[in-house]
2 protein chains.
Amino acid sequence: MILSQTEENYLKALFHLTNRNGEQAEVGTNELASFLNVKPASVNDMLKRLREKELVENERYGKIFLTNSGQKIAVQIVRKHRLWETFLYKKLSFSWDEVHEVAEQLEHINSPKLIEQLEKFLDYPEFDPHGDAIPNAKGEIKLQKRTTLSEVELGKSCKLIAVKDSNADFLQYVLKVGLELGSKIKVLNRQEFDGSLEIEIKKNVLSVSQKFADNVFVE
Amino acid sequence: MILSQTEENYLKALFHLTNRNGEQAEVGTNELASFLNVKPASVNDMLKRLREKELVENERYGKIFLTNSGQKIAVQIVRKHRLWETFLYKKLSFSWDEVHEVAEQLEHINSPKLIEQLEKFLDYPEFDPHGDAIPNAKGEIKLQKRTTLSEVELGKSCKLIAVKDSNADFLQYVLKVGLELGSKIKVLNRQEFDGSLEIEIKKNVLSVSQKFADNVFVE
DNA sequence: TAATAAAGTTAGGTTAGTCTAAAATAATAA
DNA sequence: TTATTATTTTAGACTAACCTAACTTTATTA
């Protein structure tokens, strides 16, 4: 089935919104609209088309779900996105926070051979530069039971393996703080009243908010 | 200036049609329409928009020209196309005849850094897999005074460096005949009545039409 | 449970890019 | 030079993807 970029973006958005933090989540018109920066009325138009193509299911005034085929297509888009991010980061010296925007464009290129060969060229990577798992050709995703920085015991050290979202501002802040994939972090102290953490990175001590710590994955 | 893929395709088509065989050529509505597989009426609509953006110039019932800024944009698209073709051929094991179609999609990705880095990654290639010159970042193109197979003297040997167009059928025929970039070809004989040539490739002798020989560049 | 707020839908309109059919102009040939 | 043919333009319509404004349904809370 040949889909427009817009249709693909709706499917991908639904995939992300319905699978949050590894849990199923319910998604409505409004939420999808604000995620995609369009108006609810536009979402309605598109949902009608996607229903007709049997890629989504939703009843009048009900929540929105991807069908099996919708899900399959969405996973393939995510796969392409993450492979391209990996390519940009590993081969073209893009920084962590720059890859997302360009991968948003590249993910819509339609060529099965291109993706196969790209994956091979990158030597079958399992994770993208944000630490997210790359679905394989069959659409299978490695399940990741990931620990956040917030959950690390006081005094212990850990290694940064991913950050939760792809917001460029957040990523830039992470970089500015001196972190990158693989950075070693030691958790020194935790403020009870606001959950903020005192951490040590390369012999520098700094304080980060709970929200920050919740968005950083470590092992 | 941000252009749609369609607008970019019109500019690129005009670039190719107005610079044929190194010579300037006049292009009209009908010709552009059939090149792009749309109807003349659609071309008219688009020309209006491109005139308003000052990317093309044409008078009522007159021939169509790219303006300087239209030309600049077109060259950048050609540059991206040829760099991507090179990438697919050199790094992702695409065959000669497969690169064009995918590059048609990739050429519309908008990221100056991506192209800069891609060019660097490929080590500043001068020619694409079809032997066409890749414009540099400034839009300068190496001028190629190219010899066709038709022009080679009887008994002389030459090396295949390019083929004229990107038609997949023609490229596949070229491959089938046993030719690739760099292949050595010896011209044995020429039929006066139809211009066809008898050539030797890897100790095989075969006959090719004048049209074929006109479309194959050698040095 | 009635009133208010939030979420979702519908109707009607816009723009980009396409089309068909018909009309206008230019080019070619008798 | 007039008639025929080819090219170009115009008018009117369609679809995808969006919008605003008004309306309906569901959820929340007083």
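In what follows, every chain begins at residue 1, and chains take the letters A, B, ... in the order their sequences are listed. Keep in mind it's a predicted model, so treat the numbers as computed, not measured.
The distance from atom OH of A:Y10 to atom C1' of D:dA17 is 8 Å, rounded to the nearest whole Å. Look at CD on A:E26: it is 15 Å from P on D:dT26, rounded to the nearest Å. Taking atom CG on B:L32 and atom P on D:dT9, their separation rounds to 11 Å, with Å as the unit. Summarising the geometry, the separation between NZ on A:K39 and P on D:dT20 is reported as 5 Å, rounded to the nearest angstrom. Here the P atom of nucleotide C:dT9 and the CZ atom of A:R51 are 8 Å apart, to the nearest Å. Remark: P of D:dT15 and CG of A:L3 are 19 Å apart, rounded to the nearest angstrom. Atom CG in B:D45 sits about 10 Å away from atom C1' in C:dC19, given to the nearest Å. Rounded to whole Å, atom P of D:dA17 lies 12 Å from atom CD of A:E52.
At least one side-chain heavy atom of A:R49 sits less than 4.5 Å from a side-chain heavy atom of A:M46. Side-chain contact between B:L32 and B:I64 is present, with heavy atoms from C-beta onward closer than 4.5 Å. Using a 4.5 Å cut-off on side-chain heavy atoms (C-beta onward), B:L106 and A:L106 make contact. Put simply, the side chain of A:L3 does not reach to within 4.5 Å of the side chain of A:Y10, judged on heavy atoms.
Among the heavy atoms of the strands lying under 4.0 Å from A:S42 is at least one base atom, whether or not backbone atoms are also near.
By the neighbour-count criterion of 12 heavy atoms within 6.0 Å, atom CD of A:E140 is densely surrounded, having more than that number from other residues, nucleotides or ligands.
Note: A:F121 and B:F121 have perpendicular aromatic rings, judged against thresholds of 30 and 60 degrees for the angle between ring planes.
Look at A:T29 and you'll find a side-chain N or O under 4.0 angstrom from OP1 or OP2 of C:dT9. OP1 or OP2 of C:dG8 has not a single side-chain nitrogen or oxygen of A:N44 nearer than 4.0 Å. Taking side-chain N and O atoms only, B:S4 has a distance below 4.0 Å to OP1 or OP2 of C:dG17.
Contacts between residues 58-67 of chain A and DNA chain C, counted as heavy-atom distances below 4.0 Å, involve A:R60, A:Y61, A:K63.
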Q: Could you check A:N9 against A:H108 for side chain to side chain donor-acceptor pair (under 3.5 Å), going step by step and ending with a plain yes or no?
A: CA-CA 9 Å; A:N9 283 335; A:H108 300 292; 3.0 Å; yes
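Picking from D:dT9, D:dC18, C:dT10 the nucleotide with the shortest atom distance to the side chain of A:A41 gives C:dT10.
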